[in-house]
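Predicted model only: the values in this text are computed from it and were never measured. In each ligand, atom 1 is the first atom listed, and ligand 1 is the first ligand listed.
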Amino acid sequence: MLSHLAYKVAEPLWNRPATTAAVRGRAVKQLDLAIVLAAGEGTRMKSELPKVLHPIAGRPILDHVLLATAPLNPAELRIVVGASREKVGAHISANFPSATQVVQAERNGTGHAVQLALESAPHLGSVLILAGDTPLLTSVTLQEFFDAHIDMKAAASVLSAHVPDPFGYGRIVRDADLELERIVEERDANPIEREIFEINTGVYLFDIAVLRAALAGLKSGNSQGELYLTDVIEIIKSSGKSVVAIASNDYTETLGINDRSQLAECTAIMRDRINDAHMKNGVTIVDPTTTWIDAGVEIERDVTIFPGSSISGASSVASGSVIGPRTTLDGVKVGAGAKILESRVSESTIASGANVGPFSFIRPGTTLHADSKIGAFVEVKNSVVGEGSKVPHLSYVGDATIGSGTNIGAATIFVNYDGVEKHQTTIGNDVRIGSDTMLVAPLTVGDGAYTAAGSVITEDVPAGSIGVARAKQRNVLGWVLRKRAGSNSAESARKAGATEGSTKVQGEA
Ligand code: UD1
Ligand code: MG
């Protein structure tokens with residue numbers, strides 16, 4: 001069920017530049033706990049798949065949040081799961097085994113979720129709280145938020161953002177001195193508060209002891225009858241401790257996903273971010289709006305990607321390669337200087353200097369060795385094509401091993417399936433398979449062997465031999481003039497000197 005979500009958990013590209021406090025010369029302050037809230041039902045997604053497991057750029061929404069949090073190195077990570085906790089929990093266990101899962105059986109609000117997450121948690125230190133549905137947050141922003149929280153010696157900090165359309169978000173209410181006073185939810189806000197464009201992003205840092213005390217004072221007297229985490233701000237403020245709202249300068253980072261439209265919006269922003277990072281690294285992307293690259297994909301400099309291409313899964317592309325236009329690579333390792341044009345390739349390796357396409361289909365388990373060529377309208381499955389070997393036109397290669405320097409003639413079919421089982425074909429080095437050969441597996445064609453064009457080869461062909469397996473040709477002279485009299489063909493034949501008289505058959509004794 002979750003197999004399509006399996007991938008190497010690598011740090012996202014945009015998290016890589018060292019931006020930690022230590023690097024910027026600040027005192028390193030340990031984050032003691034991070035809590036990710038993911039117990040929501042995600043009903044507006046209208047999906048069998050839990051909301052936080054919907055993929056963006058090849059990894060689930062939740063994973064983006066967890067990977068952005070990871071560089072802050074929290075001593076402990078707790079994830080609150082509720083609705084669909086079986087699937088979400090299984091995913092967390094498989095991919096983030098060191099995280100602690102906290103079950104919120106009843107959805108009683110964000111304050112309730114954090115109360116549960118703090119049970120048996122450390123009593124001192126700092127806690128970062130964030131939602132599991134904001135995949136665009138970066139570790140850079142989270143680290144800066146943490147640094148600011150420490151610098152300001154705040155008991156509670158809220159990451160805020162100025163958004164063009166604040167509808168639906170909690171609003172940041174500031175006092176006459178522009179200091180954070182409280183957060184009011186859309187549904188509970190008065191008309192004046194609804195005019196506030198600074199919103200609560202749902203990312204917070206707290207002193208754990210202060211938060212714990214404030215949570216005990218939460219009440220559910222609001223429009224949803226829930227315990228709102230946001231209410232702790234007012235409680236902490238009224239106890240005389242410092243609370244601050246720190247504005248993010250890129251509100252797009254804080255967008256949350258509640259429905260499929262927001263999923264598409266965030267996916268497009270993620271696409272642009274990934275493409276920008278690759279372009280900064282020296283990759284030419286001719287049309288970034290139609291180029292889709294998964295978060296974990298590695299691309300070296302001087303690769304060119306033409307429009308309409310996507311590179312997904314555990315793929316990597318080495319320097320100087322040309323991909324596209326309209327090419328799909330999924331789980332493909334591409335060597336230096338390879339060219340893949342208008343083709344679809346999955347779970348395969350394409351070595352340096354190899355050429356594919358246009359219009360070819362390379363299926364899982366294929367290895368194309370250096371400088372080999374798969375030309376137009378060729379399907380290859382679970383096969384090895386040796387160094388410098390070519391399958392230039394209109395062929396099917398399945399379950400085969402082809403040596404080096406071999407040429408497979410146009411329209412050759414590797415007949416690997418007998419209707420019940422698949423069989424293997426082995427072709428040696430420097431072989432010449434004639435056009436339109438049927439190679440009926442299991443079969444071995446030895447080094448330097450040939451097959452005659454149009455042959456149906458059912459027996460092994462020894463090294464250095466030519467396999468010929470086709471009917472001998474006969475020419476029935478004058479046939480067109482007799483049987484198609486009056487046709488253009490007959491007329492042309494007559495002009496060329498053919499006569500209908502003879503009934504001789506060339507090629508027969
Ligand atoms: C919340 C904030 C709002 C903020 C917005 C930012 C509150 C009361 N409001 O509103 O100020 O602007 O986020 O996106 O916190 N969750 C649980 N258990 C629950 C309820 C929620 O784990 O009982 C999780 C959800 O899965 C989600 C997160 O908490 O990941 C936020 O909950 P959601 O219902 O989306 O809150 P918003 O109405 O968006
Ligand atoms: Mg939300």
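Annotation for Glu185 and Ile183: closest pair OE2-CG2, 4.0 Å, computed over non-hydrogen atoms. Closest of all the heavy-atom pairs between Gly313 and Asp294 is N-OD2, 3.0 Å.
Taking any N or O of Tyr228, backbone or side chain, none lies under 3.5 Å from an N or O belonging to ligand 1. Between Thr230 and ligand 1, no N or O atom pair is found at a separation short of 3.5 Å. When only interatomic distances are considered, the shortest N/O to N/O separation between Gly170 and ligand 1 falls below 3.5 Å. By the 3.5 Å distance cut-off applied to N or O atoms, Ala131 is not counted among the residues near ligand 1. Residue Gln104 places at least one N or O, backbone or side chain, under 3.5 Å from an N or O of ligand 1. Looking at ligand 1, you'll find an N or O of Ala39 within less than 3.5 Å of one of its N or O atoms.
For Gly82, the heavy-atom gap to ligand 1 stays at 4.0 angstrom or more. Using 4.0 Å as the threshold, His112 has no heavy atom nearer than that to any atom of ligand 1. Heavy-atom distances between Thr201 and ligand 1 reach below 4.0 Å in at least one pair.
Listed by number with element, the atoms of ligand 1 under 4.0 angstrom from any heavy atom of Glu185 are 2 (C), 3 (C), 7 (C), 8 (C), 9 (N), 10 (O), 11 (O). Near Ala38, meaning under 4.0 Å from any of its heavy atoms, are these atoms of ligand 1: 22 (O), 26 (O). The distance from ligand 1 to the heavy atoms of Asn108 drops below 4.0 Å at these ligand atoms: 23 (O). Within the listing of ligand 1, atoms 30 (O) sit less than 4.0 angstrom from a heavy atom of Gly132.
One option in Ala113, Gly109, Gly202 has a heavy atom closer to atom 23 (O) of ligand 1 than any other, and that option is Gly109. Scanning Arg107, Arg171, Arg187, Glu186 for the heavy atom closest to atom 16 (N) of ligand 1 points to Arg107.
Classification of Arg107 and Glu41 as a salt-bridged pair fails, no side-chain N sitting under 4.0 Å from a carboxylate O. By the 4.0 Å N-to-carboxylate-O rule, Lys381 lies too far from Glu347 to be salt-bridged with it. With salt bridges taken as basic N to acidic carboxylate O contacts below 4.0 Å, one links Lys51 and Asp133. Using a 4.0 Å cut-off between charged nitrogen and carboxylate oxygen, Glu379 and Arg363 count as a salt-bridge pair.
Counting only N and O atoms by type, the side chains of Asn108 and Gln104 include no donor and acceptor under 3.5 Å apart.
Taking 4.5 Å as the limit, every side-chain heavy atom of Ser309 sits out of range of all side-chain heavy atoms of Glu342.
Under the side-chain hydrogen bond (donor to acceptor under 3.5 Å, both in side chains) criterion, Thr252 pairs with Asp250, not counting sequence neighbours. For the salt bridge (charged side-chain N to carboxylate O under 4.0 Å, His left out) test, residues two or more places apart in sequence or in another chain that qualify with Lys237 are Asp175.
Of the heavy atoms in Glu226, none comes closer than 4.0 Å to ligand 1.
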